[in-house]
Amino acid sequence: MRRIAAIVLAAGLGTRMKSSLVKTMHPLRGKPLIRYSIDAAKELEPARLILVVGHQAERIMDTIGSEAAYAVQHEQKGTAHAVMQAVPFLEGFDGDVVVLYADMPLLTSSLIRRLVETRSAGAYAATVLTSVFSNPSGYGRVMRDPAGEFLEIVEDRDCGLAERQVDEVNTGVYCFDSRALVEALERVRPDNAQGEYYLTDVLGIIKSAGRRVGTVVAEDETLVAGINDRKQLAWAERVLRDRQLDKLMLSGVTIIDPSSTFIDDGIEVGRDTVIKPMTFLERGTVVGKGCTIGPSTRIADSVIGDGSTVEFSVIEESCVGDDVRVGPFNHIRSGTRLCPGVKVGNFAEIKNSTIGAGSKVPHHSYVGDADVGEGVNMGAGCVTVNYDGKRKHRTVIGDRAFVGCNVNIIAPRKIGDRAYLAAGSTVNADVPPGALSIARARQENKEGWVKRKMEEEQGR
Ligand code: UD1
Ligand code: CA
């Protein structure tokens, strides 16, 4: 294959977004729209990648950085004018020039490749990607001669009645022989309804110079959809989301309700895991085999081992081992490691802590900056008091320790293996292994106190 240069057009504002943010920077699946075109272009391994920017150029350049060369189009005088700005970057380049828009996030590099291959196979000076749209209005229409050969593209605004009936449209993606493109661009004139330089005119110019223009028809109209407003943005979000869910389901994951399941691209989920409704699996997450995740769960940037269950909970930047049970109603915060067999439930919050194998933090507890050993039982309402108002301190709890209900451990503190902490204790000294620590006021029962009080009151 010959060398490829890719030109991505992104100078327009995208007025139909009704936004102060340039259209191509609006997020789609957490990434700016423009990212998708750049990635598709990069998959072609282009010798040159030129991005034509105008509106909010700085913003786009900040995001794409050195991945592309930038041609600035100060005034948007049409698609051909935009490509003209990229011509200086083609100096000394001889090969295929692919042109695409920055607002076609579903376009695949394999479709672009077909356009490139068709051009060389058919000895065409240019190839155009077309598609048959059920509603072609607004698009340039593809005109063909009786033999079906490409004739020209007529813009929607310039269409007559008969032309308007044509349902084959120009998607705006092209492959040009570099020399034919540069020569034809010099001859484009803005003599049309909008007074713009139309890239579509380049095709007519090439044809009148006696060279041939070919077409590739995209069968799947979703692949070539341009995003112009927020409704279409949401539609694309849905298409990409479904692609990821389909991929997971076909790989052996059960998703009870795809319409209420949100899984970022690239996330891996093991076989026989069941994802229940209202579940969000976000960037950086890996879920193992045979897990049950959800309902109503958000897991971000975390690893979940095999056979674990997470329900009605939020897990962030944490590592959950095999056969762990989280939920209902837990917040597992950054830096937490739950070892195999741990049980966490009912309104416990855990942050930056390790909970050893088989330990339980079942009810209303806060464990922060702690290293909890294996087989530890934390009673209801325990708190590691990790913050003194200025700094955070760690708590260490030994293996098989038993922490009674409503215990505060004032960090930094070390609780030895198998130690018992009596319910209601506020522990502010280390506890040796095997000791029972009672750190609360001794209970005193004042016999007959109520009767004496009543008598006193009556005597007054
Ligand atoms: C263009 C095509 C039309 C096709 C349609 C597909 C022309 C004349 N018409 O129409 O045949 O059916 O796309 O969507 O090419 N841009 C610039 N600078 C400019 C103008 C546009 O960078 O001066 C960029 C825009 O940011 C956008 C893309 O080019 O990404 C397309 O521009 P747009 O104005 O949407 O083209 P259409 O008029 O819709
Ligand atoms: Ca458009």
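Everything quoted here is computed from the prediction, not taken from an experiment. Both ligands and their constituent atoms are indexed starting at 1 by order of listing.
Between the side chains of Y366 and N386, at least one donor N or O sits under 3.5 Å from an acceptor N or O. Neither side chain, S313 nor H331, offers a donor N or O lying under 3.5 Å from an acceptor on the other. Side chains of Q76 and H55: a donor on one and an acceptor on the other come within 3.5 Å. H393 and D388 share a side-chain donor-acceptor pair at under 3.5 Å. R144 and T215 share a donor-acceptor pair across their side chains, judged by distance under 3.5 Å alone.
Residue contact check: A82 has heavy atoms under 4.0 Å from atoms 17 (C), 18 (N), 22 (O) of ligand 1. Of all atoms in ligand 1, listed by their number and element, those nearer than 4.0 Å to a heavy atom of E155 are 2 (C), 3 (C), 7 (C), 8 (C), 9 (N), 10 (O), 11 (O). Listed by atom number, the atoms of ligand 1 under 4.0 Å from L9 heavy atoms are 22 (O), 24 (C), 29 (O), 30 (O). The atoms of ligand 1 that sit less than 4.0 Å from any heavy atom of T171 are 6 (C). Annotation for ligand 1: atoms under 4.0 Å from non-hydrogen atoms of K77 are 23 (O). Every atom of ligand 1 with a heavy atom of T200 under 4.0 Å away is listed here by number and element: 7 (C), 8 (C), 11 (O). Annotation for ligand 1: atoms under 4.0 Å from non-hydrogen atoms of G140 are 3 (C), 4 (C), 11 (O), 12 (O).
Taking only nitrogen or oxygen atoms, main chain and side chain alike, G138 does not reach within less than 3.5 Å of ligand 1. An N or O contact shorter than 3.5 Å is missing between Q194 and ligand 1 by distance. Residue-to-ligand polar distances keep V52 apart from ligand 1: every N/O pair is separated by 3.5 Å or more. Where the criterion is an N or O separation shorter than 3.5 Å, residue side chain and backbone included, N170 meets it with respect to ligand 1.
Residues passing the salt bridge (Lys or Arg N to Asp or Glu O under 4.0 Å) test with E282, sequence neighbours excluded: R298. Qualifying side chain to side chain contact (heavy atoms under 4.5 Å, CB included) partners for S302, counting only residues two or more places apart in sequence or in other chains: I299, I315, S318.
Classified by interplanar angle (parallel below 30°, tilted 30° to 60°, perpendicular above 60°), the ring pair F133/Y139 is perpendicular.
Within the 4.0 Å heavy-atom shell around ligand 1 one finds G78.
Of all the heavy atoms of Q73, the ones lying under 4.0 Å from any atom of ligand 1 belong exclusively to the side chain. In V169, neither the side chain nor the backbone holds a heavy atom less than 4.0 Å from any atom of ligand 1.
A salt bridge is absent between R141 and D167; no separation between the charged side-chain nitrogens and carboxylate oxygens falls under 4.0 Å.
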